[in-house]
Novice: 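Let me begin by handing over the structure; questions about it come next.
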Amino acid sequence: MDMLHDHRRDTLESDGQDVTLNIEGMTCASCVAHVEKALKSVPGAQDAQVNLARGRATVRFDPSKTDPTKLAEAVEHSGYHAHPEDLSLSAANAEEERLQHQHAHSRSWQRRWMIGLALWLPVEILHWVTGHHVHWTQWLALATSSIAIVYLGAAFYKSALSALRHRTSNMDTLIAMGATVAYVYSLVAFAGHLLGWWHTLPNLYFMESAGLLTLISLGHWLEARARDRAGSAIRELLNLAPAVALRLDDLNHPREVPVAEVQKGDRVMVRPGDRVPVDGLVLEGESEVDESMISGEPLPVHKSPADEVIAGTTNQNGRLIVKATKVGAETALAQIVQLVERAQSSKPPVQQLADKVSAVFVPAVLGVALFTGIAWFVWGQIHHWPSGQTWAMVAKTVCSVLIIACPCALGLAVPATLMVGIGRGARRGILIRDIDALQNAEQIDTVVLDKTGTITQGKPTVIAVLKLNSLSEDEVLQLAAAAEQFSEHPLARSIVEHARQKKLDLPDLSGFSNESGLGVIAQVNGQSIIVGNLAMLTKHGYTQPDSAPPAAADASQTLVEVARKVDGRLERLGMVVLADPLKPDSKAAIDALHRMNLRTMLLTGDNQVTALHIAKAVGIDDVRAQVRPDQKAQVIRDLQNRQSPVANRKLRVAMVGDGINDAPALASADLGIAIGSGSDIAKETGDIVLVSGSLMGIAAAIRLSRATMKKIRQNLFLAFIYNVLAIPLAALGLLNPLIAAAAMALSDITVLGNALLLRRTKIEE
């Protein structure tokens, strides 16, 4: 099963290539804006998407004009460390390497805040107990805050200076300046008091400078842990792939090799309990395979020779010999991971606006801080405040403004939510291509469904064998399957497969001919066997008696006649009854959509009688039958031009399909939902892919999209309103720098925590 690249984008930019860059040093939305600007300024760069939450950038570029090294150099020149992802590493190893770096980064922040807490909190408590003007405690505060400035502040100063060298600014610029203002003012004020410049010791902020660096370090550590949880879906998917495989040599001896060494055509042994290492076809053996982590379906799937298996699924109880058909990045699992990562990096227009705001946010805050300092200085002069009081107020407000105005929450609001929401969908077998799919799914009010392969299982199945003479039902089936074994017709394949499932031996043929649209004639054990429709029998001399032959129980069933020629006379032996059965949960899925107040329509190329029968069975009232593939897209467009009965807008239409003939309609719909068991073209065109093929995923995908978009709006509101309210409070002197630092750290944690609540959102009924 191929989870393919974004078909429409690749069509527009077929000459481009994608590269993933790992980027270190990004801390906020301002950093994202700087990195994207640097990447897009490279000649030949067509697009760049930076994911703050994962520390990665996906860049589409023209290989004739630039290359990954030049793109990484552009990021380096903007003040951040970057390197292209190592293509020699498997996806799992690359993710493991990224995780190790992330854990090291998290541990460094953990060390900082723990040491900072040891330096700051005991002295802060001592101040509360003894009073702020005990002389020796000020010396202790000076000593501990100096250590904190040097040790805790080193990372912030390094980042801020790097940004300054590249004529930019970032969150660390604000933090470094805030801590410096608090510390330097306190140092000057303390020295001035010792030298007799001020008779009264003004308020000092030694402990605030140490405390804010400690709290911000604590916030970074908690943020790193939350980001790790938000990105767990990709890690869980990658962990499904085993590191080694048992490859069979020419003598059928198994040898353990790294999965990366397995090539197409190699045979691998999969023992009970092992994970399947590659996508392939079963050559030998039978077993039950657990595909739940990829498809979301809990029941194991029976596998026998000629069946497909998917890398990452678990073999339960039998030994399988599998021929590798797809390896490495071609496997369904690898492509699912690529699809999830791409979706997590996408941005809605509101996030693009947030990034633009963040790009000028830090310089604007520096301007606000400067204005605040001047305003309080003038205010102190007008009201004849003592100089110590004036400068204390200037230091307090400037420091608070610099600390509390942080664009971190703006940068994390959308990517953190997307990581959780899209990851949640991937675990359930719902692959969402990008943010547009989420936005469109949220607003859907009409769901149009194809019939064959979507509501039904998509292939005819033998449901009964009728005998008309002394032969048993198994003998009728055996003759029919023997005659059909070389036919490529879907009905023939189903009859042969049913006979093999019943362990019936199929004798060799001494002659075979196919009559298109009618059936086949074969020589089986010296008998001339005819298998086909009634017209086939009539052509070969059958005269229908006065009593009509048995009819199908309903319009959805197909009868295949089985007859033989005896002495030039045609003798009917029996019939094989086939039908394309409903998927087990199709009716429940349609009922779930109706409970969500969504309209449904059946759109099919099949005849009206069959379409009405299937629609009635699942509870769909609106049926469009005998519709050609090119007409399906027009039906979708006609629906989109109708007025919604519940909203002041046109209808928003989702199309659900699995076949090549559904691709135009999938592309025309506001939301294309492709069935994962269907054609590659359908999956290319769909905005959402249901890996398992179960229609229950439609309602789950819409619920997930609604919940994810709700969280995105909540997080953007929290991020914007935080800065809108916090900066004026800080400028008016209503916030202590230490409170500002705690609030800033809390804003990031609030946004991430709110995103993580998506993991508990109920998307199933």
Novice: Any non-hydrogen side-chain atom of L21 less than 4.5 Å from a side-chain atom of V50?
Specialist: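 When only atoms from C-beta onward are counted, V50 and L21 do not touch, as no gap falls below 4.5 Å.
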
Novice: Can you list the steps and then say if V75 with I23 is a side chain to side chain contact (heavy atoms under 4.5 Å, CB included)?
Specialist: CA-CA 8 Å; V75 177; I23 302 174; 4.2 Å; yes

Novice: Tell me whether Q110 contacts the main-chain N or O of S217 through its side chain, where contact means a donor paired with an acceptor under 3.5 Å.
Specialist: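 No, Q110 side chain to S217 backbone: no donor-acceptor pair under 3.5 Å.
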
Novice: Minimum heavy-atom separation for T325 and G280, please, with both atom names.
Specialist: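 Shortest heavy-atom separation between T325 and G280 comes out as OG1-CA, 3.4 Å.
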
Novice: If you look at every heavy atom in H83 and A72, which pair is closest and at what distance?
Specialist: CA-CB, 4.3 Å

Novice: Do I175 and L213 touch side chain to side chain, with heavy atoms closer than 4.5 Å?
Specialist: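 They are in contact (side-chain heavy atoms under 4.5 Å apart), so the answer is yes.
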
Novice: Is S162 reaching over with its side chain to a backbone N or O of K158, donor-acceptor style, under 3.5 angstrom?
Specialist: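 Such a contact is absent between S162 side chain and K158 backbone.
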
Novice: Is it the case that N715 and T417 place a side-chain donor and acceptor less than 3.5 Å from each other?
Specialist: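 Yes, a side-chain donor-acceptor pair sits under 3.5 Å.
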
Novice: So R713 and L716, do their side chains get closer than 4.5 Å, heavy atoms only?
Specialist: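 Answer no - side chains too far apart.
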
Novice: Checking the side chain of D279 only, and the main-chain atoms of A311 only, is there a donor and an acceptor separated by less than 3.5 Å?
Specialist: yes

Novice: Any chance NZ of K40 has more than 12 other-residue heavy atoms, nucleotides or ligands included, within less than 6.0 Å?
Specialist: yes

Novice: Identify the residue among T708, L704, I702 that makes a side-chain contact (heavy atoms from CB on, under 4.5 Å) with R706.
Specialist: I702

Novice: Going by the rule ring-ring contact (aromatic ring centres under 6.0 Å, His included), which residues pair with Y80 if we only count those two or more places apart in sequence or in a different chain?
Specialist: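 Partners of Y80 under the ring-ring contact (aromatic ring centres under 6.0 Å, His included) test: none.
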
Novice: Hey, what do you get for CE (M177) to OG1 (T173), rounding to the nearest 0.5 Å?
Specialist: 8.0 Å

Novice: Can a donor-acceptor pair be found, under 3.5 Å and without considering hydrogens, that links the side chain of N440 to the backbone of D436?
Specialist: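 The answer is yes, because a donor-acceptor pair under 3.5 Å joins these two groups.
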
Novice: Do F61 and D47 pass the side chain to side chain contact (heavy atoms under 4.5 Å, CB included) test, and can you show the C-alpha distance, the side-chain angles, and the key distance before you say yes or no?
Specialist: CA-CA 7 Å; F61 66 97; D47 189 29; over 6 Å; no

Novice: If every non-hydrogen atom of I688 is compared with every non-hydrogen atom of A701, which pair is closest and at what distance?
Specialist: CD1-CB, 4.2 Å

Novice: How long is the straight-line distance from CZ of R111 back to CG of L152, given to the nearest 0.5 Å?
Specialist: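 It is 12.0 Å, given to the nearest 0.5 Å.
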
Novice: May I ask you to test the M655-I673 pair for a side-chain heavy-atom distance under 4.5 Å?
Specialist: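 No. Closest side-chain heavy atoms not under 4.5 Å.
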
Novice: Please report the closest heavy-atom contact between D687 and D670, naming both atoms and the distance.
Specialist: OD2-O, 4.1 Å

Novice: Quick one: are I430 and V691 in side-chain contact, heavy atoms under 4.5 Å?
Specialist: no

Novice: Can any side-chain N or O of T58 pair as donor or acceptor with the backbone N or O of Q49 at less than 3.5 Å?
Specialist: no

Novice: For A176, is there any backbone N or O sitting under 3.5 Å from a side-chain donor or acceptor partner on T180?
Specialist: yes

Novice: I need the L671 CG to S705 OG distance, nearest 0.5 Å.
Specialist: 8.0 Å

Novice: Does T761 reach the side chain of R424, with side-chain heavy atoms less than 4.5 Å apart?
Specialist: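 Yes, side chains in contact.
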
Novice: Does V653 form a side chain to side chain contact (heavy atoms under 4.5 Å, CB included) with R637? I'd like the steps, not just the answer.
Specialist: CA-CA 9 Å; V653 181; R637 287 191 288 270; over 6 Å; no

Novice: Quick one: are W109 and L218 in side-chain contact, heavy atoms under 4.5 Å?
Specialist: no

Novice: Nearest heavy-atom pair of R275 and P242: which atoms, and what distance?
Specialist: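 Answer, listing the atom of R275 first, then P242: O-CG, 3.7 Å.
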
Novice: Measure the spacing between CD1 of I115 and OG1 of T214 and express it to the nearest 0.5 Å.
Specialist: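 Going from CD1 on I115 over to OG1 on T214, the span is 10.0 Å.
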
Novice: Measuring from H77:NE2 to S41:OG, what's the distance to the nearest 0.5 Å?
Specialist: 11.0 Å

Novice: So, S159 side chain and F156 main chain: donor-acceptor pair closer than 3.5 Å or not?
Specialist: no

Novice: Measuring from R427:CZ to I422:CD1, what's the distance to the nearest 0.5 Å?
Specialist: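 One finds 12.5 Å between CZ of R427 and CD1 of I422.
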
Novice: One pair to check against side chain to side chain contact (heavy atoms under 4.5 Å, CB included): V257 and V244. What are the steps and the verdict?
Specialist: CA-CA 5 Å; V257 297; V244 297; over 6 Å; no

Novice: What pair of heavy atoms forms the shortest contact from G657 to L666, and how long is it?
Specialist: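 Between these two residues, the closest heavy atoms are N-CD2, 4.0 Å.
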
Novice: Any donor and acceptor pair, going by atom type alone, linking the side chain of E76 with main-chain N or O of A82 inside 3.5 Å?
Specialist: yes

Novice: Can you tell me if Q46 and D62 form a side-chain donor-acceptor pair at under 3.5 Å?
Specialist: no

Novice: Assess whether a salt bridge exists between D18 and R60, defined as any Lys/Arg side-chain N lying under 4.0 Å from an Asp/Glu carboxylate O.
Specialist: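 So D18 pairs with R60 through a salt bridge.
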
Novice: Is it true that a side-chain atom of D266 and a backbone atom of A324 form a donor plus acceptor pair closer than 3.5 Å?
Specialist: no

Novice: Less than 4.5 Å apart, any side-chain heavy atom of V368 and any of I727?
Specialist: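 Answer yes - side chains close enough.
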
